[in-house]
Engineer: 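Here it is, the structure in full.
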Amino acid sequence: MKNRKVVLIDGNSLLHRAYHALPPLKNKEGLFTNGVYGFMTMLYKILDDYKPEYVSVAFDKKGPTFRHEEYKEYKAGRKKTPDDLKMQFPMLKDILDRMNIHWIEFAGYEADDIVGTFSKHCSTKNMDVIVVTGDKDYLQLVDKNIKVLITKKGMTNLEEYDEQAMFDRYSLTPDEFVDLKGLMGDKSDNIPGVPGVGEKTGIKLLKKYNSIENIYENIDEISGKKLKERLIENRNQAFMSKMLAKIVTNVPLDIDLEDIKKEEPNQSELLELYTQFEFKSFIDKFDKEIIQDSKEKIDTEVEILDSKDELYKIVNGIDKGNFIFKFIVNGENNLKDKILGVGFKYNDDKSYYISFGDEKDTKEKLNILSSVFQNDKIAKIGHDIKEDILILFRYGIDIYNVFFDSLVAGYLLQASQKEYSLKTLADEYFNISMQNEEDLLGKGRNKKSFDEISIDTIADFIATKLNIINKLKKVLLEKIEEYDMKDLLENIEMPLIKVLADMQYQGFKIDIEKLKELGLEFENQINNLTEEIYDLSGEEFNINSPKQLGVILFEKLELPVIKKTKTGYSTNAEVLDKLLGKHDVIEKILQYRQIVKLKSTYIDGLIPLINKDTNKVHSSFNQTITTTGRISSTNPNLQNIPIKTEEGRKIRKVFVSKDKEHKLVDADYSQIELRVLAHISGDPKLIEAFENKDDIHAKTASEVFEVERKDVTSLMRSRAKAVNFGIVYGISDYGLSRDLNISRKESKKYIDNYLKNYSLVKNYMEDIVNIAKKDGYVKTLLNRRRFIPEIKSRNYNVRSFGERTAMNTPIQGTAADIIKIAMINVYRELKNRDLKSKLILQIHDELIIETHIDEIEEVKSLLKELMENAIKLNVPLTVDMNVGNSWYGTK
DNA sequence: GGGATCACG
DNA sequence: ACGTACGTGATCCCG
């Protein structure tokens, strides 16, 4: 018969280990959970590996122990347990209770004494005993039935010691190990031992004499004058140290094995706690059913409306309050695809769903609803409302009072998340699990569309959504107020939704003929370059494959390897630039790369996105992607259309105004980020420079290079420009040296010179990093918040990244805030004045208005006015403007 | 689906 | 000694 197995754990030791091994994880309430999480990870692993019938976790009990009575200085000078860790003890004990795992503490004794007593008791009963700890002292407990597991670096690694393993490692028996500690002492417990005796000497002595007692009986034999002297001098201390180090094995415990028998955990209670602590990986191990049962149920009461009359009756009763709504579309493109219906919920009433038939039916039903959408007294609430507005615009319906969007609100609260779907938010803010579209429709080849789903299913689906949006509204708004972001939400992000929807709806006209012409031009160049490259390298290969190109360049042609990537040779432009002149093929490859990029991304990539009827592209402007508050653009990305090279800039010739009656007016902020820096740092010299309309890069050059202003060369100016960029990005000498291809020493000098000149900028950089360290986040001028957990990382690279982020985010983010305000004001003003001109694009510091030719002067003046006065800073904001028939022309 | 590359502010 | 500039998106290759 197999021996019964018991696992005994030193809870204090293991929780300490876990706490120090893991980064400071917190749940969303701010509760530190790292120690508990690490402990449980280990516990699960041990239970899994050893499958014990009996388990107990021992803790130290507060207050003095018998050791303190024997020796007042015991554990003196030890650092206080940090509060972040202290609060995790009751948390852990709570988990153990819910797991039905026994835990124990006993006044006057430490955890190791309890474990010692228990383990010896079990050993005499011939049980297999496994003791788990982070403390080597426990090795004295090892015997033929007792094994000791000691944590190694990395936490989940445990080293197992039985009698043999111990002897292999220390050449000592467990009993001798106590004496070793008596000789060596222990700094962390403030046990003195014999000064000058360390592990090596101690082991040597004990191998010969086996115990401290025996050493002193034979003290005359000891070789080594000094050692002998020390031993004699510290005789009492040695015996006392041994006594302190000896784990007590007769604590007066009332031991009943039945008490520590491992029982089944209370699943639902445990799940509740794991949910609170956000231990996702542990939750995943539970049965699906138990998880499901633990979830909060969501109201899905919904009435399907069958006719326009029914719809009309309901809509008629809506005059003020909250209107939560969501359209169902048969596809991805709300500007094109069929609208299947709409679900809505008025205040806390039940949900309604009504499906739309043909175009005529759709229009009629939307017309009935338009009185709600256009009623300023009714607060519109939804999730990703921009997509719904596209539908309304498509049917000529305006919308007022866009009050709350859970997508945007979720983003504002935590801008670094990947996504903010209702399912994710429901999971994050409530204990609710819901279906998303993928769960409903499937994915890949078997993906269904909504028109293959029964109307009852759709109605349930949408009712769930509406109810979750309603619940989210409450908690997200509370949080937003707590973060002081109400103004940002109400006056910037919510009004912006409609502006972005309109930009997307308006679109940007493409000159198809010009596009095709340019495509052919690029194609010819590519063909020629391909031939030349094959010729120069002596064989045909796929030039687009960095792997194949690497083989040609660095193996066949034996060019020097400048840089490697994870997967092989680096062949990027930086590397190729350094190889220029070493082989004729390099120049051709650089040209080839450039033209292929232009053609594949900006010609071929654009074509499928053009609406064939209108020749327009309708880029999607995304409000919830960037961590800094900028917006992003996709399908196509209109924020990275080439400009830096003439060849690339030609692409802009295909972006034209929609007809002869319109032109493009392009307005961009000059140096907005440096101006923001001047404002938030308050640096008088920087502020003055902008007030004086100074050439900022030239000015920086004269300061950084310590030359008279008249002696600034164009090379100096362009380098100073890089320094200014570096400052905004959260400067590092390494980054600057790479960018300018100069030594780090030199770049460090430039930076030092800069910061010497602009001492308040230097202060800002230091202050903001400290703020981020203290608060865990930084803010923009308008209270947009970004959490920077990286700044507390123990990894240098990660931490440095956090510091640069802390410096850059308030600058980039404030600039983003400012242009958002400008966009809202411009949009409103164009509308108020009933102008035909429309805002169609934003590129971070630049706006493009498709302007009616009769309105050009008016638009230019209102644009300039509204952009420059979007916000009052202690430096002026200035805007440059250009007009053209194409985007190429606006220069 | 991730890595490399390169387009923009 | 450590080794990266901040923020994005699209395309291509390749496992």
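Proteins come first, then strands; the chains are lettered A, B, ... in the order of their sequence lines, and each starts at number 1.
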Engineer: When rounded to the nearest 0.5 angstrom, what distance separates CG in A:N637 from OG in A:S632?
Structural biologist: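 It is 7.5 Å, given to the nearest 0.5 Å.
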Engineer: So, are A:E532 and A:K588 salt-bridged, with charged N and O less than 4.0 Å apart?
Structural biologist: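 Result for this pair is yes, salt bridge flagged.
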Engineer: Hey, is the side chain of A:T565 poking within less than 4.0 Å of OP1 or OP2 on B:dA4, counting only N and O atoms?
Structural biologist: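 So the side-chain polar atoms of A:T565 do come within 4.0 Å of the phosphate oxygens OP1 or OP2 of B:dA4, strictly under.
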Engineer: I need the full list of side chain to side chain donor-acceptor pair (under 3.5 Å) pairs touching residues 576-586 of chain A, with sequence neighbours left out, sorted by first then second residue.
Structural biologist: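 Non-adjacent pairs meeting side chain to side chain donor-acceptor pair (under 3.5 Å): zero.
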Engineer: What parts of residues 670-679 of chain A reach DNA chain B, counting only heavy atoms under 4.0 Å away?
Structural biologist: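 Here the set is empty: none.
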Engineer: Hey, which sits more toward the 5' end of DNA chain C by its nearest nucleotide, A:T627 or A:Y734?
Structural biologist: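 That would be A:Y734.
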Engineer: Taking the P atom in each of C:dG3 and B:dA7, what is the distance between them to the nearest angstrom?
Structural biologist: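 It works out to 29 Å between them.
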Engineer: What's the closest nucleotide to the side chain of A:N808 if the choices are C:dT8, B:dC6, C:dC6?
Structural biologist: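 Selected nucleotide: C:dC6.
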Engineer: Please list, by residue number, the residues of residues 641-650 of chain A whose heavy atoms come closer than 4.0 Å to an atom of DNA chain B; answer none if no residue qualifies.
Structural biologist: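 When residues 641-650 of chain A is checked for heavy atoms under 4.0 Å from DNA chain B, the hits, listed by number, are A:I641, A:P642, A:I643, A:K644.
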Engineer: Under 4.0 Å, heavy atoms only, any strand: does A:D739 hit a base, just the sugar-phosphate, or nothing?
Structural biologist: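 If one applies the 4.0 Å heavy-atom cut-off, A:D739 turns out to touch a base.
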Engineer: Applying ring pair (Phe, Tyr, Trp, His ring centres under 6.0 Å) as the test, list every pair that has at least one member in residues 762-786 of chain A; sequence neighbours left out.
Structural biologist: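 Qualifying pairs, neighbours excluded: A:Y777-A:F787.
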Engineer: A:I843 CD1 to C:dG7 C1': how many Å, rounded?
Structural biologist: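 After rounding, the reported distance stands at 15 Å.
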Engineer: Rounded to whole Å, please give me the gap between NZ in A:K563 and C1' in C:dG3.
Structural biologist: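 Result: 12 Å.
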Engineer: Would you classify A:A816 as touching base, sugar-phosphate or nothing, given that sugar-phosphate means primed atoms plus P, OP1 and OP2, and contacts are heavy atoms under 4.0 Å?
Structural biologist: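 Touches nothing.
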Engineer: Of all residues at least two apart in sequence or in a different chain, which pass the side-chain hydrogen bond (donor to acceptor under 3.5 Å, both in side chains) check with A:E438?
Structural biologist: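 Per chain and number, A:E438 pairs via side-chain hydrogen bond (donor to acceptor under 3.5 Å, both in side chains) with no residue.
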Engineer: Please state the C1' separation for the pair C:dA5 and B:dG2 - nearest whole angstrom.
Structural biologist: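 One C1' to the other, the span is 23 Å.
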Engineer: Could you check whether A:R630 pairs with A:E673 (Lys NZ or Arg NE/NH1/NH2 to Asp/Glu carboxylate O, under 4.0 Å)?
Structural biologist: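 Yes.
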Engineer: Looking at A:K509 and A:E850, is any side-chain nitrogen of the basic one under 4.0 Å from a carboxylate oxygen of the acidic one?
Structural biologist: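 A salt bridge is absent here (no side-chain N lies under 4.0 Å from a carboxylate O).
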Engineer: Check side-chain hydrogen bond (donor to acceptor under 3.5 Å, both in side chains) between A:D604 and all other residues, then give those that pass, not counting sequence neighbours.
Structural biologist: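 side-chain hydrogen bond (donor to acceptor under 3.5 Å, both in side chains) list for A:D604, sorted by chain: A:K599.
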Engineer: Nucleotide by nucleotide, 5' to 3', does protein get under 4.0 Å of the base (B), only the sugar-phosphate (S), or neither (-) in nucleotides 9-15 of chain C, counting heavy atoms?
Structural biologist: BBSSSSS
Engineer: Rounding to a whole Å, what distance do you find between A:D817:CG and B:dG9:P?
Structural biologist: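 From A:D817 CG to B:dG9 P: 20 Å.
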Engineer: With sequence neighbours left out, what residues match A:D767 under salt bridge (charged side-chain N to carboxylate O under 4.0 Å, His left out)?
Structural biologist: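 Per chain and number, A:D767 pairs via salt bridge (charged side-chain N to carboxylate O under 4.0 Å, His left out) with no residue.
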Engineer: Mind calculating the distance between CD1 (A:I818) and P (B:dG9) to the nearest angstrom?
Structural biologist: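 Answer to the nearest Å: 18 Å.
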Engineer: For the pair A:K423 and A:D439, find out whether any cationic side-chain nitrogen is under 4.0 Å from an anionic carboxylate oxygen.
Structural biologist: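 Salt bridge: yes.
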Engineer: Taking side-chain hydrogen bond (donor to acceptor under 3.5 Å, both in side chains) as the test, write out the residues that go with A:E437, two or more places apart.
Structural biologist: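 Testing A:E437 for side-chain hydrogen bond (donor to acceptor under 3.5 Å, both in side chains), a comparison that skips the adjacent residues, returns none.
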Engineer: Between C:dC2 and B:dC6, how far is it from one C1' atom to the other, in whole Å?
Structural biologist: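 So the two C1' atoms sit 29 Å from each other.
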Engineer: In this structure, how many angstroms lie between the P atom of C:dA5 and the CE atom of A:M765, rounded?
Structural biologist: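 Rounded to the whole Å, the gap is 17 Å.
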Engineer: Evaluate the criterion salt bridge (charged side-chain N to carboxylate O under 4.0 Å, His left out) for residue pair A:E493 and A:R784; output intermediate values, then yes/no.
Structural biologist: CA-CA 10 Å; A:E493 297 297 336; A:R784 186 184 305 281; 2.6 Å; yes
Engineer: Does the distance from a Lys or Arg side-chain N to an Asp or Glu carboxylate O, for A:E646 and A:R652, drop under 4.0 Å?
Structural biologist: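 A:R652 and A:E646: not salt-bridged.
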Engineer: So does A:E746 pair up with A:K749, basic N to acidic O under 4.0 Å?
Structural biologist: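 Between A:K749 and A:E746 there is no salt bridge, as every charged N stays at least 4.0 Å from the carboxylate O atoms.
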Engineer: Of all the choices, C:dG3, C:dC6, B:dG3, which nucleotide is nearest to the side chain of A:R744 once you look at every atom?
Structural biologist: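 From the listed options, C:dG3 comes nearest.
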Engineer: Over all strands shown, is A:T809 touching base, sugar-phosphate only, or nothing at heavy-atom distances under 4.0 angstrom?
Structural biologist: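 Answer is nothing: A:T809 stays at 4.0 Å or more from every strand.
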Engineer: Pairs counted as Watson-Crick or G-U wobble with both distances under 3.5 Å: what dot-bracket string results for DNA chain C, using | for bases tied to another strand?
Structural biologist: .....|||||||||.
Engineer: Hey, can you pull the residues of residues 788-806 of chain A with a non-hydrogen atom under 4.0 angstrom from DNA chain B?
Structural biologist: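 By residue number: none to list.
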Engineer: Ignoring backbone atoms, test whether A:R738 places a side-chain nitrogen or oxygen under 4.0 Å from the OP1 or OP2 oxygen of C:dT4.
Structural biologist: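 False: A:R738 side-chain N/O out of range (4.0 Å or more) of C:dT4 OP1/OP2.
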Engineer: I would like to know whether A:H697 and A:N724 meet side-chain hydrogen bond (donor to acceptor under 3.5 Å, both in side chains); could you show each step before the answer?
Structural biologist: CA-CA 7 Å; A:H697 299 317; A:N724 279 328; 3.0 Å; yes
Engineer: Using whole Å, what does the distance between atom P of nucleotide C:dC6 and atom CZ of A:R784 come to?
Structural biologist: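 Interatomic distance, CZ of A:R784 to P of C:dC6: 20 Å.
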Engineer: Just how far, in rounded Å, is P of B:dA7 from CD of A:Q594?
Structural biologist: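 My rounded result for the distance is 6 Å.
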Engineer: Return yes when atom NZ of A:K516 has more than 12 non-hydrogen atoms of other residues, nucleotides or ligands closer than 6.0 Å, and no otherwise.
Structural biologist: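 No, because the 6.0 Å sphere around NZ of A:K516 holds 12 heavy atoms or fewer from other groups.
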Engineer: Any ring pair (Phe, Tyr, Trp, His ring centres under 6.0 Å) pairs touching residues 736-761 of chain A, not counting sequence neighbours?
Structural biologist: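 Pairs touching residues 736-761 of chain A that pass the test: A:F705-A:Y750, A:Y754-A:Y758.
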Engineer: With the threshold set at 4.0 Å, does a side-chain nitrogen-carboxylate oxygen contact exist between A:E703 and A:K756?
Structural biologist: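 The answer is no: the pair does not qualify as a salt bridge.
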Engineer: How many Å lie between CD1 on A:I589 and P on B:dA4, as a whole number?
Structural biologist: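 Answer to the nearest Å: 19 Å.
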